[in-house]
Amino acid sequence: MARSWSIPPWRGLLLAAVLLLSACATPVARQQLARTDLPRQIELADTPFFPQEEYQCGPAALATVLTASGKTVAPDELTNQVYVPARQGSLQIEMLAAARRHGRVATVLPPRLDALLDEVRAGHPVLVMQNLGLSWWPSWHYAVVVGYNLEHDEMVLRSGTFRRQLMSLTAFENTWARSEHWAVAVLPPDTLPVSADEAGTTAALVAFDRLATRADARSGYASALKRWPNNPMLAIGLGNTAYAMHDLPAARRALEQALAAQPDNAAAHNNLAVVLADQGELEQARRHAERALALGGPWQETARATLQEIEKKAAKPGVR
């Protein structure tokens, strides 16, 4: 979604009161809730609460999930990072980036109600976006889901100025659906969302890698690779971060794992060639660099440069 902003509390409540009266939960959502393994009631009562100031639901909601994850942050510290005065609110992309700047992986969850409830069951409050208005008169709002009660058809949220807002499942599903079911788990790098899929987790970690410390990025890749051991991108990420931390044996193992999963991955061949060259195994390094070069594609020039560096090392006296 390209844009989002929060709303004054009074306007959101007024719109909600008018627009949700006729809302009906979708059959798909009801089918998802029919799962017998879902506990009927859960509430993460210890989740912190930061009352929203006018137009500040983004910083307040983000501070809630960050603090719940163990990273204590006040909304005021986040305002300059996520709040866009011209829009009187916060963009989703800035919310994700701010979480990553604070050492947390922000993973967009599958757009399903049962996935959201699974996350709450695991003890993870979930940042959600709602549209309390209409498509032609949107009233975007960030809140945090901290519980549910299936017997009473209720969701429990930290929302606006309400520490414990109860919203019917029907109302929640409809307002959440208008944001295309946008929900995010904000967690330490060594903790995976239970409901996230492989593609979503990989995308979240690659984005996290751009802003995280090497140690945090490495921890994230390692955790995800335990769940999806045949994911070459995760293995390459782990190998690259290990290499950046001068752990050549770990980098080598990870890159060999990537190639075991995807033998024709040019990036893995090239990066393994670099590691092997640094370990003094130039003949093996040469073979991997040549393979990366032969595979072509966007890695061709990098592989050519790697091969040239290997030949330079091989040309030194006493080296072969």
Side-chain angles (χ1 to χ4, degrees), residues 93 96-97 99-101 103-108 189-190 192-193 196-316 318-320:
I93 190 171
L96 298 174
R100 292 160 185 154
R101 291 190 194 100
R104 293 297 182 260
V105 182
T107 307
V108 178
D190 61 352
L192 295 178
D197 56 25
E198 183 175 359
T201 301
T202 302
L205 286 169
V206 170
F208 179 64
D209 193 353
R210 300 189 186 105
L211 297 173
T213 66
R214 293 299 90 198
D216 279 350
R218 181 177 180 178
S219 176
Y221 285 126
S223 296
L225 201 57
K226 290 178 182 177
R227 186 183 293 184
W228 297 291
N230 294 320
N231 185 305
M233 189 173 294
L234 293 174
I236 291 171
L238 179 59
N240 291 349
T241 52
Y243 181 79
M245 297 176 72
H246 310 291
D247 188 345
L248 297 183
R252 179 174 178 170
R253 287 194 299 272
L255 292 167
E256 288 174 341
Q257 184 174 352
L259 287 174
Q262 193 174 54
D264 288 338
N265 189 299
H269 278 291
N270 177 80
N271 295 0
L272 181 56
V274 172
V275 173
L276 290 168
D278 284 0
Q279 289 183 317
E281 300 186 32
L282 298 185
E283 188 54 40
Q284 286 193 62
R286 184 181 289 112
R287 287 199 296 270
H288 283 286
E290 288 174 345
R291 180 59 180 153
L293 184 62
L295 286 168
W299 279 87
Q300 193 167 37
E301 290 305 314
T302 301
R304 183 175 287 109
T306 298
L307 190 57
Q308 290 173 353
E309 288 300 316
I310 293 170
E311 299 304 340
K312 287 179 183 178
K313 288 183 179 182
K316 292 180 180 180
V319 178
R320 58 178 184 159

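Separation of atoms OG1 (Thr302) and CG (Leu293) is listed at 10.5 Å; rounding is to 0.5 Å. To the nearest 0.5 angstrom, Leu276 atom CG is 9.5 Å from Leu248 atom CG. The distance from the CZ atom of Arg253 to the CG atom of Asp247 is 6.5 Å, given to the nearest 0.5 Å. To the nearest 0.5 Å, the span separating CZ on Arg252 from CD on Gln284 amounts to 5.0 Å. Within the model, atoms OG1 of Thr201 and CG of Leu234 stand 8.0 Å from one another, a figure rounded to the nearest 0.5 Å. Tyr221 contributes atom OH, which lies 15.5 Å from atom CG of Asp190 (distance to the nearest 0.5 angstrom).
In terms of heavy atoms, Ala277 sits closest to Ala285 at N-CB, 3.6 Å. Counting all heavy atoms, side chain and backbone alike, Asn270 lies closest to Ala292 at N-CB, 3.8 Å. Closest approach of Asn265 to Pro232, counting heavy atoms only: ND2-CB, 4.1 Å. Heavy atoms only, all atoms of each residue included: Asp209 and Ala217 are closest at OD1-CB, 3.6 Å. Closest of all the heavy-atom pairs between Leu211 and Ala97 is CD1-O, 3.7 Å. In plain terms, the two heavy atoms of Asn231 and Leu225 that are nearest each other are O-CD1, 3.7 Å.
In this structure the side chain of Phe208 never reaches within 4.5 angstrom of the side chain of Leu96, judged on heavy atoms. Residues His288 and Leu259 meet the side-chain proximity criterion, which asks for heavy atoms closer than 4.5 Å. Arg100 places none of its side-chain heavy atoms less than 4.5 Å from the side chain of Val105. The side-chain heavy atoms of Asp264 and Arg291, taken from C-beta on, include a pair separated by under 4.5 Å.
Salt bridge absent: Asp216 and Arg104 never bring a charged side-chain N and a carboxylate O closer than 4.0 Å. With respect to Arg286 and Glu283, a salt bridge is recorded, a charged nitrogen being found less than 4.0 Å from a carboxylate O. Ion pairing between Arg304 and Glu301 holds under the 4.0 Å rule for side-chain N and carboxylate O.
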Full working for side chain to side chain contact (heavy atoms under 4.5 Å, CB included) between Asn230 and Gln257: CA-CA 8 Å; Asn230 294 320; Gln257 184 174 352; over 6 Å; no
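Every residue was checked against the salt bridge (charged side-chain N to carboxylate O under 4.0 Å, His left out) condition with Arg227, not counting sequence neighbours, and none meets it.
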Please table the atom pairs, donor to acceptor, closer than 3.5 Å between any side-chain atom in residues 236-246 and protein atoms at least two apart or in another chain.
unit_1	atom_1	unit_2	atom_2	d
Asn240	OD1	Asn271	ND2	2.9
Thr241	OG1	Gly237	O	3.0
Thr241	OG1	Leu238	O	3.0
Tyr243	OH	Asp278	OD2	2.5

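A distance-only check finds no donor-acceptor pair linking the side chain of His269 to the backbone of Arg287 [under 3.5 Å].
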